[in-house]
Amino acid sequence: PSHIDSSVLSTAECRIFELLKNDLQTKDWVVLHSLGLSNRGSKPYGEIDFVALIPREGIFCLEVKGGRIACRNGRWETTDRHGRTEGLKRSPFIQAREGMFALRESILNRAPVNFPMDLIFGYAVVMPDITFNQQSPEWQSWQIIDRNAMKQPMSSAILHLAAEQRKYHEENQSRARAGS
């Protein structure tokens, strides 16, 4: 859409929306905000904050988490500008990954015969308010778009995600062929 719905309460999502909308490199992209899913993993429904369909690159799902987001002792939390801390139900990386796989399954189940089955799907968590340096086996560093990554245009951060996801996909395909 050309504008964000006035009912959106997340200032972080509103900022990301405007950055994507005003980035000249995204003019050929289709970017969907708050895409509803009829199925999301084991859950009956879900939502993806942003889905970027990028010609010749793939489809990328973005989970946006504003405020000071942190993972402490395996539990995720966010602290808002007023200092109020709230626990998150689950990892934003798991949210993004589940959304991506649900979208991928939905697309591939409806795809016409000549649809490119090697289309790259990827995901990232966008944390515009912080520098996020935590490491975990749960995510790759290139799946983080934080305040530092956003010093460049959003398109640069997402195209970096696309390039890394493509490399990751090609490495896994090579390993699978070698193991066959």
Side-chain angles (χ1 to χ4, degrees), residues 10 12-13 15-17 19-21 23-43 45-66 69 71 76 88 90-111 115-128 130-177:
S10 169
E13 285 185 35
R15 282 190 359 237
I16 301 305
F17 181 92
L19 288 171
L20 287 165
K21 177 182 172 185
D23 187 326
L24 296 177
Q25 297 301 312
T26 65
K27 66 179 174 26
D28 294 334
W29 299 11
V30 174
V31 180
L32 307 172
H33 175 253
S34 195
L35 179 67
L37 299 168
S38 60
N39 290 311
R40 182 175 184 151
S42 61
K43 296 178 177 22
Y45 59 88
E47 177 258 349
I48 301 171
D49 291 339
F50 289 93
V51 177
L53 295 90
I54 307 171
R56 297 167 302 285
E57 296 294 340
I59 299 175
F60 301 92
C61 302
L62 306 175
E63 178 67 27
V64 177
K65 292 295 181 195
I69 184 115
C71 184
W76 286 89
L88 300 176
R90 59 201 180 113
S91 160
F93 291 94
I94 291 174
Q95 279 183 274
R97 183 176 64 224
E98 285 180 357
M100 181 208 60
F101 279 119
L103 179 62
R104 181 181 181 275
E105 181 180 345
S106 179
I107 289 171
L108 295 180
N109 284 342
R110 293 172 173 81
F115 188 80
M117 299 309 264
D118 60 345
L119 182 65
I120 299 293
F121 286 80
Y123 65 93
V125 175
V126 181
M127 301 176 218
I130 64 165
T131 298
F132 189 81
N133 293 320
Q134 292 181 324
Q135 296 180 0
S136 169
E138 185 181 329
W139 61 82
Q140 302 289 334
S141 61
W142 45 265
Q143 292 174 305
I144 299 165
I145 300 175
D146 65 2
R147 176 174 48 201
N148 288 341
M150 292 175 58
K151 288 178 182 174
Q152 297 188 356
M154 275 301 293
S155 59
S156 296
I158 297 170
L159 289 170
H160 175 71
L161 165 68
E164 293 295 329
Q165 187 67 50
R166 181 167 303 286
K167 266 195 320 199
Y168 184 76
H169 180 75
E170 289 168 356
E171 288 168 4
N172 284 335
Q173 281 187 328
S174 293
R175 278 190 218 118
R177 283 190 297 269

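Contacts classified as salt bridge (charged side-chain N to carboxylate O under 4.0 Å, His left out) and involving residues 145-166 (residues at least two apart or in different chains) are given here: Glu164-Lys167.
His160 is not listed as a side-chain neighbour of Ile145, based on a closest heavy-atom distance of 4.5 Å or more. For the pair Val126/Asp49, no side-chain contact is recorded, criterion being any heavy-atom separation below 4.5 Å from C-beta on. Counting heavy atoms from C-beta on, the side chains of Ile59 and Ile107 come closer than 4.5 Å. Within the 4.5 Å cutoff, no side-chain heavy atoms of Val64 are placed close to those of Arg15. Counting heavy atoms from C-beta outward, Leu32 and Leu53 have side chains that approach closer than 4.5 Å.
The heavy-atom pair separating Ala12 from Gly66 by the smallest distance is CB-CA, 3.6 Å. Minimum interatomic distance between Tyr123 and Met100 (heavy atoms only, all atoms of both residues): CD2-SD, 3.7 Å. Taking every heavy atom of both residues into account, Ala157 and Ala149 meet most closely at CB-O, 4.3 Å. Nearest heavy atom pair, residue Ile48 against residue Gly99, reads CD1-O, 3.4 Å. Smallest separation of non-hydrogen atoms from Met154 and Asp23: N-OD2, 3.4 Å. The minimum heavy-atom distance linking Gly122 with Gln165 is given by the pair CA-OE1, 3.7 Å.
Atom CG of Leu35 is separated from atom CG of Leu62 by 12.0 Å, given to the nearest 0.5 angstrom. From Glu47, atom CD reaches atom CD of Gln95 across 8.5 Å, with rounding to the nearest 0.5 Å. Summarising the geometry, atom CG belonging to Leu108 is positioned 9.0 Å from atom CG belonging to Leu103; distances are rounded to the nearest 0.5 Å. Rounding to the nearest 0.5 Å places SG of Cys61 at 8.0 Å from CG of Leu37. To the nearest 0.5 Å, atom CH2 of residue Trp29 and atom CZ of residue Phe60 are 8.5 Å apart. For the atom pair CD1 (Ile158) and CD (Glu57), the distance works out to 11.5 Å, reported to the nearest 0.5 Å.
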Distance-only check: which donor-acceptor pairs under 3.5 Å involve side-chain atoms of residues 135-142, not counting sequence neighbours?
unit_1: Ser136; atom_1: OG; unit_2: Glu138; atom_2: N; d: 3.0
unit_1: Glu138; atom_1: OE2; unit_2: Ser91; atom_2: OG; d: 2.2
unit_1: Trp139; atom_1: NE1; unit_2: Gln134; atom_2: O; d: 3.4

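Scanning for side-chain hydrogen bond (donor to acceptor under 3.5 Å, both in side chains) contacts around Arg56 gives an empty result, with sequence neighbours left out.
In this structure, Phe50 and His33 have tilted ring planes: the angle between them lies in the 30° to 60° band.
Around the CZ atom of Phe121, the shell of radius 6.0 Å holds more than 12 heavy atoms that belong to other residues, nucleotides or ligands.
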